[in-house]
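A short worksheet on the structure shown next.
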Amino acid sequence: MSPPFSSGIYVSRGVALLLAGLTAVLLLALVVLAALYGSCAHVQSSELDSHLVKDTSLSPPGGQEWTQPTPAHESTVGTSQDWRPPSGPWDHLRLPPWLVPLHYDLELWPRLQPDNLSTPSLTFTGRVNITVRCTVATSTLLLHSFFLNYKQVEVWGPLAPDTRNATVGRVPLENVWFALDMQYVVLDLGQSLDPGSSYELNFDFSGQVLQEGSEGLFLNLYTDEDQLRALIATQMEPTFARHVFPCFDEPALKATFNITIIHHPGYVALSNMPQLGQSHRIDVNGSRWTVTSFHTTPRMPTYLVALVICDFDYVSRTERGKEIRVWARKDDIADGYLDFAANHTGPVFSFLEDLFNISYPLPKTDIIALPTFVNGAMENWGLMIFDASLLLELDDDLPEKRAMILSILSHEVGHQWFGNLVTMSWWNNIWLNEGFASYFEVGLTNYFYPKVPRNMIFFLTVLHDILEDDHSLESRAVSTPVENFTETREINRLFDIYTYKKGACMAWMLAGFLSQHLFINALKSYLETFSYSNAEQDDLWRHIQMAIDEQSIIHLPATVKRIMDSWTHQSGFPVITLNASTGVVKQEPFYLERVENQTLLSHNTWIVPIFWMKNGITQPLVWLDKSSMIFPGMKLSDSDSDWVILNFNVTGYYRVNYDKLGWKKLNQQLEKDPKKYFLKRLNSIWTIYSAIIRENMASLQDNFLSLLPLKKFFETACWLGLEDCLQLSRELFRKWMAHPETAIPPQIEKVVLCNAIALGSNKDWDFLFNLYINKTEEQEDLFHLVHAMGCSKDPRTLNRFMEYDITVFPSRFNETNLIEVVAESEVGRYVAKDFLINNWVAVYERYGPQSLNTLVSILGRTVSTDQQVMELQQFLSTVLEEHQRIVAHAKLQEMKAENLKNKKRIARVVEWLRKNT
């Protein structure tokens, strides 16, 4: 048998011993170098910033970088490019509870330079060291991350107790990969972390600054002092912090933050806290950058992290020893456009501090008005961000504009307590933030405008809007179960009218049946208990229940939780119907209309507080906690003076209906008192308003209550054909034509222009048209002129209007769809339809494929029969592709049904007006 074959190199025993010794020395040297390298790599950025240093980014061992793929890439990218476990915690929307973040040291470096604004893309780099506590032994770490690339990832620990950042070593890292669906970066470790121990996670990363929109780190380009300028700002709520740095991006995972911003020396950097210090850094190209660090924040969620890099100016005010700076473009500051906001922010803070007896905890407040901010406003702790609506321009200094600015400010300042100090545990209870901020927005508006009844403000700004939308077939509950969320974008959809306005209605109703005093006391207890922490709606119910149990005046038919869960856990609202002949009150879900063959949603009963009045005397609150109950006191006799009204002042979140007797009694009372029956006394009210408009409009400027309904009243009077209203429109228009410096009162300008053109001559229309095409202002400022030109009742004029837009290039009307404007009127819809059919090719070329749905809707406004639908379908079949025809035909059928419903509604209204006016 042959011996086994072996290959290799033979060495003598002496040589082998020598090699072994050299190997041992080399290994020892590597251990020492690794320790030195780890120590150097672990130096905090704040220590580096104390010197003028070169930008030397650290690279991971072996040069490995981890790049998060865009949605176009299907595979995940890590040390193993296509490897990913089949299932695990990365498939769930919520982070596993294995790690709790304690502190972030965050450094961000956007490469924005004022002399290089034309770059097609703008990048940023960053470093973050996150101190975490391990609660469950795990070798898999998940953090949120979206479209970030990683140059270095390290895990250090466990940290020595009570000695921050003192480590005993580096935890081996085997793999880094991305779970795109749930927006995670996943770290696979070589060993498990120990429960109860703290660790530090280090990331060097980079990303792109968003050029359009307002998500994460985004860019604004604008003009100031006649120069093109740029700024960078952030919007982290609800889930965009992960676009900027790797983090635990959930509201309950609060931590403290030390934030450092590296920026061009020509810019100023702002963040949540006051500036701590500044140093400088030289990049690899030799350019000098400013390094601005900030004081440590209180415990807060990632969605409140904020920064701005800009060259704005500011105005400053001091309120109770704390500085408030309001930032904006230098032109706006010089013109005084931010003075109103600066003068009123402090009093808003003081009002809420006194109301809750809890001081605003941060040492400063910065407020900044961006030229463009899609979100409108954001309550970041210490750095609130707004769009340009915060500006009060001198030619726009109207009571409604001042009230709007106060409303916006009040809402965001309200969040400093509801949202920032106490944060909902997860997004399903976002209404605890937005609903209560909206509720106190009403109280603050009333504080600054005491002549306006608080309930009037609530009706006009909150209640009417939500009652129009919250129909049981279409709406959602205020509080949505956590398990209903399966993807991130569902969180974004929660920022809707139900969260803001229905949430405010829940607070309004609570205050109504508790009393304002008891309600505020309960909120104080809630805020004090959960300060710098998180809460769920059950926590709020518990503190209200505690306040109720400590007194003996207010009695409820059930626990606060049971009462309020009946409102927050189901969609829609009830209609309460009183049979005044029997005293029977019943509840059922309110539907705007019942659709044939459509299954109605099943509802539990609401526990309904009924605020009622009989014969002018307020009655004790009663509760309807069944589908039907008898209240003997609500039964009416035949006496003319015997009447009852439910839900007076609309304190409860429900509608009310009566039987014939109940409505008859109320109608008799309205007939007796013309301060209350609007339609019967339209002429007398009109006489007052028209005299003021003709003679002394300025007398109303400080009477916000009178201005609130003026626009709607004027519009209604003209719509009903009140001759003097139409005549006044012509008067104001002709006066303006003759003397353009004599402005039409802005509250009624749109209505006046529309009526004047509808009743006027070609000369009137030509005046408006020439005025528009020769104007230089931006389109948004002139849309009221476009709308007015579409009010003409002359088909030839309307056709000329539309022909201009499709034949003249470039059009002065930019992206405004004039055909849609024309189609808004009764006459115009038929003119627009014919024009569209006769000029389809030119119109389609003018507005592009994206306008198809709008164009089909214009055609659909004229259909109410199957024959009309069929005729339009035949036309569309000749101009559309197959897939477009299917969508268009469905749209026409949908609009036919809607048009028929509208005709029936209008017929009912006309009949009612005929009988009652």
Side-chain angles (χ1 to χ4, degrees), residues 237-239 250-252 301 303-304 352 375-379 407 410-443 458 461-463 465-472 474-485 489-514 519-520 522-523 526-527 530 533-545 560-573 606-607 651-654:
E237 189 182 34
T239 58
E250 292 186 0
Y303 80 81
L304 290 178
L352 292 174
N375 295 69
M378 179 61 201
E379 67 268 18
S407 178
S410 298
H411 185 98
E412 304 309 323
V413 175
H415 275 309
Q416 309 307 300
W417 285 265
F418 289 91
N420 299 6
L421 185 64
V422 178
T423 311
M424 73 280 152
S425 294
W426 207 64
W427 299 108
N428 62 315
N429 279 321
I430 183 61
W431 80 271
L432 293 175
N433 286 19
E434 302 298 348
F436 277 88
S438 299
Y439 171 79
F440 286 107
E441 177 186 330
V442 172
F458 182 73
T461 61
V462 179
L463 184 64
D465 290 342
I466 183 62
L467 287 180
E468 288 181 0
D469 272 52
D470 194 14
H471 309 139
S472 296
E474 305 164 0
S475 60
R476 69 167 181 87
V478 167
S479 180
T480 307
V482 174
E483 57 269 18
N484 286 18
F485 295 87
R489 61 184 175 183
E490 291 176 339
I491 296 173
N492 299 330
R493 298 189 189 119
L494 292 176
F495 291 80
D496 60 13
I497 191 172
Y498 305 105
T499 289
Y500 287 77
K501 297 201 171 183
K502 188 171 183 178
C505 289
M506 297 299 98
W508 180 265
M509 185 166 62
L510 267 167
F513 68 73
L514 291 175
F519 181 55
I520 295 299
L523 292 182
Y526 167 79
L527 291 171
F530 295 101
S533 187
N534 298 80
E536 300 177 354
Q537 72 173 24
D538 280 0
D539 296 314
L540 177 60
W541 304 155
R542 187 170 65 254
H543 279 263
I544 295 175
Q545 189 67 55
V560 173
K561 173 177 170 54
R562 184 164 167 251
I563 292 170
M564 294 309 300
D565 281 357
S566 76
W567 295 92
T568 61
H569 285 317
Q570 59 181 335
S571 61
F573 59 86
W606 288 269
I607 302 180
T651 307
Y653 186 65
Y654 52 88

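Atom CD1 of Ile497 and atom CG of Asp469 lie 4.0 Å apart (nearest 0.5 Å). In this structure, Ile491 CD1 and Trp427 CH2 are separated by 7.0 Å, a value rounded to the nearest 0.5 Å. Here the NZ atom belonging to Lys561 is positioned 11.5 Å from the CD atom belonging to Gln545, to the nearest 0.5 angstrom. With rounding to the nearest 0.5 angstrom, the CD atom of Glu490 is 11.5 Å from the OG1 atom of Thr239. The structure places CE of Met506 at 12.5 Å from CG of Leu432, a figure rounded to the nearest 0.5 Å. Between the NZ atom in Lys501 and the CG atom in Leu463 there is a gap of 10.0 Å [rounded to 0.5 Å].
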- request: Let me see the working for Cys505 and Ile466 under side-chain contact (heavy atoms from CB on, under 4.5 Å), right down to the final yes or no.
  value: CA-CA 9 Å; Cys505 289; Ile466 183 62; 3.8 Å; yes

**Asked** Do Phe495 and Glu434 pass the side-chain contact (heavy atoms from CB on, under 4.5 Å) test, and can you show the C-alpha distance, the side-chain angles, and the key distance before you say yes or no?
**Response** CA-CA 8 Å; Phe495 291 80; Glu434 302 298 348; 4.0 Å; yes

Subject >> Criterion side-chain contact (heavy atoms from CB on, under 4.5 Å) on Phe513 and Leu510, from CA distance to verdict >> reply: CA-CA 6 Å; Phe513 68 73; Leu510 267 167; 3.7 Å; yes

request  = Start with the C-alpha distance between Met378 and Tyr303, add both sets of side-chain angles, then the distance that settles side-chain contact (heavy atoms from CB on, under 4.5 Å), and finish with yes or no.
outcome  = CA-CA 10 Å; Met378 179 61 201; Tyr303 80 81; 3.9 Å; yes

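Scanning both residues, Ala535 and Val422, for their nearest heavy atoms gives CB-CG1, 4.1 Å. For the residue pair His543 and Tyr526, the shortest heavy atom distance occurs at ND1-N, 3.7 Å. Here the shortest heavy-atom pairing between Glu412 and Ala377 reads OE2-CB, 3.5 Å. Minimum interatomic distance between Pro251 and Pro301 (heavy atoms only, all atoms of both residues): O-CB, 3.6 Å. Here the closest non-hydrogen pair linking Pro238 and Asn492 is CG-OD1, 3.0 Å. Between Glu379 and Asn420, the shortest heavy-atom distance links the atoms O-ND2, 3.0 Å.
In the model, Gln537 has a side-chain atom that pairs as donor or acceptor with a side-chain atom of Trp431 under 3.5 Å. Thr499 and Arg476 share a side-chain donor-acceptor pair at under 3.5 Å. No side-chain N or O of Glu536 forms a donor-acceptor pair with one of Asn428 less than 3.5 Å apart. When only modelled atom types and interatomic distance are considered, Thr423 and Asn534 share no side-chain donor-acceptor pair under 3.5 Å.
Partners of Phe519 by ring-ring contact (aromatic ring centres under 6.0 Å, His included), not counting sequence neighbours, listed by chain and number: Tyr439. Residues that satisfy the ring-ring contact (aromatic ring centres under 6.0 Å, His included) test with His411, not counting sequence neighbours, are His415, Tyr500.
More than 12 heavy atoms of other residues, nucleotides or ligands sit less than 6.0 Å from atom CZ of Arg493.
Between Asp470 and Tyr653 there is a side-chain heavy-atom pair separated by less than 4.5 Å. Using a 4.5 Å cut-off on side-chain heavy atoms (C-beta onward), Tyr498 and Thr480 make no contact. In this structure, the side chains of Asp565 and Trp541 come closer than 4.5 Å at one or more pairs of heavy atoms.
Taking the six-membered ring where the residue is Trp, Phe418 and Phe440 present parallel rings, their angle staying beneath 30° rather than reaching 60°. Aromatic ring orientation, Trp567 versus Trp606: tilted (interplanar angle from 30° to 60°).
Without hydrogens or angle criteria, Ser475 side chain to Ser571 main chain gives no donor-acceptor distance under 3.5 Å. At least one donor-acceptor pair closer than 3.5 Å links the side chain of Ser566 to the backbone N or O of Ile607.
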